[in-house]
Amino acid sequence: MALIAIIDDDPDILDAGSIVLQSNGYTVITATNPKDGFNLVKANNPDLIILDVMMIEADDGFFLAQKFRREGFKTPILMYTSVSKTLGFQFGKSDIVPVDDFLEKPVTPEVLLEKVEKLLKEHTEVK
Amino acid sequence: MSEINYGAAKILLIDDEDHLRNGVKRILELEGYNVDTAENGTEGIRKGVNGDFDVILIDLKMPDIGGIEVLRELRLQKPYSICYIATAFASYETAVEATKLGAEGYILKPFTSDELIHDINKGIQKRHLILESERLRKEREESLLELAFERSRLKAIINSLADGVIVINKNEEVVYFNPAALRLLNIHTLILKEKIRGKVSAEISGLMNEVAEEKVDSEKPRSIQLEIKPRGELYVEVSCTPVAGFDSMISGMVLVLKDVTQFKQLEQVKSQFVSMVSHELKSPIAATLGFLDIILNPNLNISKEQEEDFLKRSANRLRTLLIMVNDLLDISRIELNSVKREVVRVELASSIKDCIDFLGNDAAQKNIQIKNGIEFDRYFILADKAEVERVFTNIISNGVKYNKAGGELNIAARIDGSYIRLDFADTGIGMQKEEKEKLFSEFFRAKNEFTRGINGTGLGLSIVKKTMAHYNGKILVESEYGHGTTFSLFFPVEEKI
């Protein structure tokens, strides 16, 4: 089964997400800040990254996504945040926010699983 | 034009013949004229120049200076006096010369009193006309001067306006602009009679189109806001007002440009704050919903212990959320200055003791020693007790939360200049430089290896700072990362306590 990395500074959301994914057979690894998140991905090369936007800084998630792409990681990224509307960003596959899909928090287990499955499938097909 | 008062007219007779002079004088005085005489040319010139006569009658032949010379001199010095030449020896040449020099006419000797009075009255009429037109000319000159002054004053005013002004005619040619307009459009030049299109952006052109298509009688300005210089350096609001002509067609437009950069920046700060608030409010909701969705989902098998843990954590998040909402309301009250305060004499040592007792459980859990080193009954301030105790609780709570297990928090007071200074020194995890810089901004919470699991709203110190400012006090912070932080509160020493 696939390996999924969640990078989020909120331990409660991290744990809830982990439980949902683990219960469905995924292996989950987590980090609570961008630096640890990058090292985690580098060390474990997961199949999918779930990435929060506002961590220590309001735009940590954007910069981390850019860094992943810059460093050659083609891993699909599912970005999620509570403030997409007020930030006024156009999410999706762009150079500014190079992520594969986007979710607005709160995310129900059903929606999270559906998105994760879809992204993993797409990425496998591309491979 | 004023009525002519013939009787008040002043007449000067210049004649060397006594009987004629006196005879004419008598005739004219009988008619009510004001008559003066001169018995030769020299005296005539002197009197004529010094006095202000309406009509001057000059004898052509006089022993000292001839009438023509007298006429020349008087016309030169008194151009508005009406002069007649009186003579018995009129010749064509002297007549031409006299007329050239501006004599009104000839009075041939001998003359009847009727003829004389007729000519004199004609002269007075002429004089009146001349004076009247002269008065009008002067008046016009003065009002032109005034107008020119008014125009230059208006120009000076418009040129010194901070707002930019551009006036265009119906052919959309620039007919007026001020220097501010160039600055606010970020262009170097604008030439009068130059077409405005091409000099301004497409957005302003569009605005002008909208105004042109509208009914003019509304005369309402339309406006747009534009980013004139990139990266938010200059925002300008452009208002366009149509100017109605006689036929109620648009005869031109006035563009007013206003620098709204500061408003825009404020708007951005506000929208950033709103997005921060919504993030902070939504995060605990998302976390709680995340846990509840798991507990309620029959497909997700979790242990009883896990379920209890999730419920406890959910409750915690909701409590923090409630505190945050209350904190936000407090901040808004402080900023709107609508806090109701009951100012009393607060004794610091006992007040701080109460706060320490309130936080006793939290301190005991982490085995932290809080030492109240403030001398009792020595330091007093005037404040709302609940409000300042909230400040103390906040600082002490930070000293506990961000301390290491088994650490210390030492509280001391002393007079420092014109302040009572309270030091709260902990042996905790300290702060990094960047963390210290953001410490008092809303929603900031230090996030590092030590702070995991510490709850907070990120609003406490923001409220502390605002409260201290209200009491004319201040807060300072010293910190060494990994070793501890000292918060110092300064309250002004009250004279009358």
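Each chain gets a letter, A, B and so on, in the order its sequence line appears, and its residues count up from 1. Treat the numbers as computed from the prediction; the structure is a model and nothing was measured.
Checked options B:Asp293, B:Asn297, B:Ile294; the residue passing with A:Ile19 is B:Ile294 (criterion: side-chain contact (heavy atoms from CB on, under 4.5 Å)).
Taking CD from A:Glu104 and NZ from B:Lys282, the interatomic distance works out to 3.5 Å, rounded to the nearest 0.5 Å. Taken to the nearest 0.5 Å, the OG atom of B:Ser283 stands 10.5 Å off from the CG atom of A:Asp12. Taken to the nearest 0.5 Å, the CG atom of A:Asp15 stands 8.5 Å off from the CD atom of B:Gln306. Note that CG of A:Leu21 is 10.0 Å distant from CG of B:Leu300, once rounded to the nearest 0.5 Å.
Counting non-hydrogen atoms of neighbouring residues, nucleotides and ligands closer than 6.0 angstrom, the CD atom of B:Gln225 exceeds 12 such neighbours. For B:Lys258, the NZ atom sits in a loose shell: 12 or fewer heavy atoms of surrounding residues, nucleotides or ligands are nearer than 6.0 Å. No more than 12 heavy-atom neighbours from other residues, nucleotides or ligands sit within 6.0 angstrom of NZ on B:Lys465. Under a cut-off of 6.0 angstrom, the local environment of CZ in A:Arg69 is crowded, with over 12 non-hydrogen atoms contributed by other residues, nucleotides or ligands. No more than 12 heavy atoms of other residues, nucleotides or ligands shown are found within 6.0 angstrom of CD on B:Glu308. The number of heavy atoms from other shown groups lying within 6.0 Å of CD (A:Glu71) is above 12.
In this structure, no portion of A:Gln22 lies under 4.5 Å from any heavy atom of chain B. At a 4.5 Å heavy-atom cutoff, the contact between B:Ile302 and chain A is made by side-chain atoms alone.
Smallest separation of non-hydrogen atoms from B:Gly290 and A:Ala16: C-CB, 3.9 Å. For A:Lys105 against B:Ala286, the heavy-atom pair with the smallest separation is CB-CB, 4.1 Å.
For the pair B:Leu289 and A:Val107, the minimum side-chain heavy-atom distance is 4.5 Å or more.
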